[in-house]
Protein chains: 4
Amino acid sequence: MTAAASTRSPGRPRSVRADEAIIEAVLALLAEGTLEALTMEAVAARAGVGKATIYRRWSGKEALVADALRSLKGPPPVPAGRSVREDLVALLRHGIRKRDQRTARVMSCLVPEVRRSPEHQRLYQSLVEPQREAMRQVLRRGVRSGELRADLDIEVAVAVLNGPQLLQKMLRWHPDLDDDSLPERVVDTVLAGLAAAT
Amino acid sequence: MTAAASTRSPGRPRSVRADEAIIEAVLALLAEGTLEALTMEAVAARAGVGKATIYRRWSGKEALVADALRSLKGPPPVPAGRSVREDLVALLRHGIRKRDQRTARVMSCLVPEVRRSPEHQRLYQSLVEPQREAMRQVLRRGVRSGELRADLDIEVAVAVLNGPQLLQKMLRWHPDLDDDSLPERVVDTVLAGLAAAT
Amino acid sequence: MTAAASTRSPGRPRSVRADEAIIEAVLALLAEGTLEALTMEAVAARAGVGKATIYRRWSGKEALVADALRSLKGPPPVPAGRSVREDLVALLRHGIRKRDQRTARVMSCLVPEVRRSPEHQRLYQSLVEPQREAMRQVLRRGVRSGELRADLDIEVAVAVLNGPQLLQKMLRWHPDLDDDSLPERVVDTVLAGLAAAT
Amino acid sequence: MTAAASTRSPGRPRSVRADEAIIEAVLALLAEGTLEALTMEAVAARAGVGKATIYRRWSGKEALVADALRSLKGPPPVPAGRSVREDLVALLRHGIRKRDQRTARVMSCLVPEVRRSPEHQRLYQSLVEPQREAMRQVLRRGVRSGELRADLDIEVAVAVLNGPQLLQKMLRWHPDLDDDSLPERVVDTVLAGLAAAT
DNA sequence: TACTAAGCGAGACGGTACGTCGCGTCTTCTT
DNA sequence: AAGAAGACGCGACGTACCGTCTCGCTTAGTA
């Protein structure tokens, strides 16, 4: 047994079940309604928990929602496949799968906070960064292998590839994009470019 | 005196100054804080108006914010220029210019609502549609003129072109994109495509 | 119309019915339970009133209870009768009548406060002073008329006469004193004195 | 080792120091503030004790306060002296001495409870009964010795004699009675009676 | 010139949620 | 088994907004 393990604060330890019930309640309520409708009292009631038990763990609604969001962090991003095209499609698909209905709703609730609170911004970055980093590596590998242009603006490419899916998820950008084959359509369009072949 | 002019309810007419003061107060408060911090009482106080005067005109916070947003609708989209590239860059720049600091903040407040309320969704569409329609026409013209590929997926192209800027505005997607030349970078990247020239 | 009458604060005036309902609820709850059991929420609920409506008028439970007590102030003390004995008995009876069941309960709730808060002490004095003053005058008149001893310690006499009844009301001093004829018994005992006639 | 000594529950015995610290804390807090301000948590904190240690001994605040009060029970009432007058004065003085500042505060906290809870009523009786019984015996002895009237209403006399002092202690009845010689004033007034000598 | 009718700022109304604190119980480890 | 510590579900605290409702006053068109 390590020294760290023996360092335990006195008194009754905090209930793990309460933690889980609270986070679960937050996710359920966020998926049902607005961020404004996410009442601390509703969370407590749905979790079968006293309000104090929530405030003992989180400073307020902001921090609570942030942690709920963090709990959605999916499995590690995804290893790469064979061709650049397949890898990109797979990554975008992974984004879709990972961010199911509920997750999309929860994340869209967070957007206004990201613009304001640096903490939420950092949180958001930490959630999407693995996905983006994986995509960067695919792109860099493509450049090295000669599949992609040498002068590729990688950061713009990442944003360009992810844009349509995120816009659609968050803003229902256009009905025409509400389509399972969106990843392929985006990757094909972007890879080939808009310009006519010379 | 025309019939329309005589169709006029009796009693004191509603104050136009109140309308303006209320909308202005909403925008100011939204730019300062969260949507949650936008209380009707704060709006009334800042506008120097009674609460009843607000509720006489709008049914609640939702409708009020929607109208405030509508008031930000910029000038008609923008006529087209010469080449496809220049037109697209101009359109994206227009988007930047039109959506100043305040507008970006206000719009990001709206994102969570768009996912839920069809009314807000329609509102959002009506705000961005002119810009998108202009872009579609530029793209279609490019296809006709042979500048762009014939099999272009127009809707995806629009999303792809707008994505980076919107992500950056709303989510501060990546520091590297916080750049005045973002429109050119995006247009150049997307037009040429990522793939290496054959 | 006087200038004072035209001085009216703007906005909707406070509801008199709310005032009455709140005070009534306080008295009812105090008569039922302890001062500790007198919850502001219970008062609001029983009065059919929002909590804010109470706090708009009173700073807290203390002030509220004080005002409720004040509302019990009975009719002016009582004019005097013929003999000193009859007058004293009548005054003590008046005390009994005026302070019905409910009043006794409410006042006993106040005792601990009187010891501490000068405000409550003043309030208590203002409630019982008329009764005591009436009694003093009866005694002084008795001295002048020769019915009472010339060297009478008036303040002690007043306390002596009122003591038994108050102790019984507040502390259920002794079962034997729970008797309708207590005023007579006290007055007769005190007037004649305990000492055997010489 | 005696049989009595062996009758002993197993495990760690209860700490006597805890008992004392708790009672002491209750008295201190009661003397400082209201009964409402006497929170179990404050008692535990001031006594340096866990809340469970309190609840292991007392069922709640009521019982705890009752026991704290019991702990104030002074020495056995007082043996009688020579004349009736001297004995009564001594008894009243004993009451003053016994009930110091702190005791008066604590007892006044109890008044509202006495009216309601039979348990507190019994408690109160048990605290003051010895004093009253001693006074009754003095009075009875006076009757037998011929010092006092044969038809004396003993219970009323006891209440009459104790009344002023108690009213003054609990309710600050009148400034004029805040006087060290109050016992003499009361006894002299009551013994002689108010009526003028015939 | 008066009358009618609606809008106006102000603010009280019955509610609901806030975040805190104390209740009496429980669960942990230590003595 | 009792101790200190402190988390637990609960419910009251006093505050802030909600959306509605009076108030007395102003501002128009109509009589």
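Below, chains carry the letters A, B, ... as their sequence lines are ordered, and counting in each starts from 1. Source: prediction; values computed, not measured.
- Look at CD on B:Glu41: it is 14 Å from C1' on E:dT16, rounded to the nearest Å.
- Of the two residues near DNA chain F, A:Arg56 and B:Gly60, the one whose nearest nucleotide lies more 5' is A:Arg56.
- Under 3.5 Å, the side chain of B:Lys51 and the base of F:dG19 form at least one donor-acceptor pair of N or O atoms.
- Comparing A:Ala47 and C:Tyr55 by the nucleotide of DNA chain F that holds the closest heavy atom to each, the one mapping nearer the 5' end is A:Ala47.
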Name the pairs: protein N/O against N/O of nucleotides 27-29 of chain E, kept only if under 3.5 Å.
| residue | atom | partner | partner atom | Å |
| --- | --- | --- | --- | --- |
| E:dT28 | O3' | A:Arg8 | NH2 | 3.3 |

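- Using a 4.0 Å heavy-atom criterion, one finds that A:Gly48 contacts the sugar-phosphate atoms exclusively.
- When the shell of 6.0 Å around CZ of A:Arg70 is examined, it contains more than 12 heavy atoms from other residues, nucleotides or ligands.
- In this structure, CG of A:Leu35 is placed 15 Å from P of E:dA17, rounded to the nearest angstrom.
- Between the P atom of E:dT25 and the CE atom of D:Met40 lies a distance of 10 Å, rounded to the nearest Å.
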* Asked: Given C:Leu64 and C:Lys61, is the side-chain contact (heavy atoms from CB on, under 4.5 Å) satisfied, shown in steps?
  -> CA-CA 5 Å; C:Leu64 174 54; C:Lys61 200 198 282 193; 5.6 Å; no
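- Atom CD1 of B:Ile54 and atom C1' of E:dG11 are 14 Å apart (whole Å).
- Taking only side-chain nitrogens and oxygens, B:Thr53 comes nearer than 4.0 Å to OP1 or OP2 of E:dG9.
- Take the nearest nucleotide of DNA chain E for D:Lys61 and for B:Val49: the residue whose nucleotide is more 5' is B:Val49.
- Put simply, CZ on A:Arg14 is 11 Å from P on F:dG6, counting in whole angstrom units.
- At a threshold of 4.0 angstrom between heavy atoms, the contacts of B:Arg57 are confined to the sugar-phosphate backbone, with no base atom among them.
- Across the interface with DNA chain E, nearest-nucleotide mapping of B:Ser15 and A:Leu38 shows B:Ser15 to be the residue nearer the 5′ end.
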* To do: Output, in order, the C-alpha distance, side-chain angles, deciding distance and verdict of side-chain contact (heavy atoms from CB on, under 4.5 Å) for B:Met107 and B:Val111.
  => CA-CA 7 Å; B:Met107 295 207 56; B:Val111 172; over 6 Å; no
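- Rounded to a whole Å, the CG atom of B:Leu64 is 14 Å from the C1' atom of F:dG19.
- Straight-line distance from the CD atom of C:Glu20 to the P atom of E:dC13: 13 Å, rounded to whole Å.
- Taken from CG in B:Leu38 to CG in B:Leu29, the straight-line distance is 5.5 Å, to the nearest 0.5 Å.
- Contact annotation: the side chain of D:Val49 never approaches that of D:Ser15 to less than 4.5 Å [non-hydrogen atoms, C-beta and beyond].
- The CD atom of B:Glu41 sits 4.0 Å away from the NZ atom of B:Lys51 when rounded to the nearest 0.5 Å.
- Put simply, CD on D:Glu62 is 20 Å from P on E:dG22, counting in whole angstrom units.
- Rounded to the nearest 0.5 angstrom, B:Leu72 CG and B:Leu127 CG are separated by 8.0 Å.
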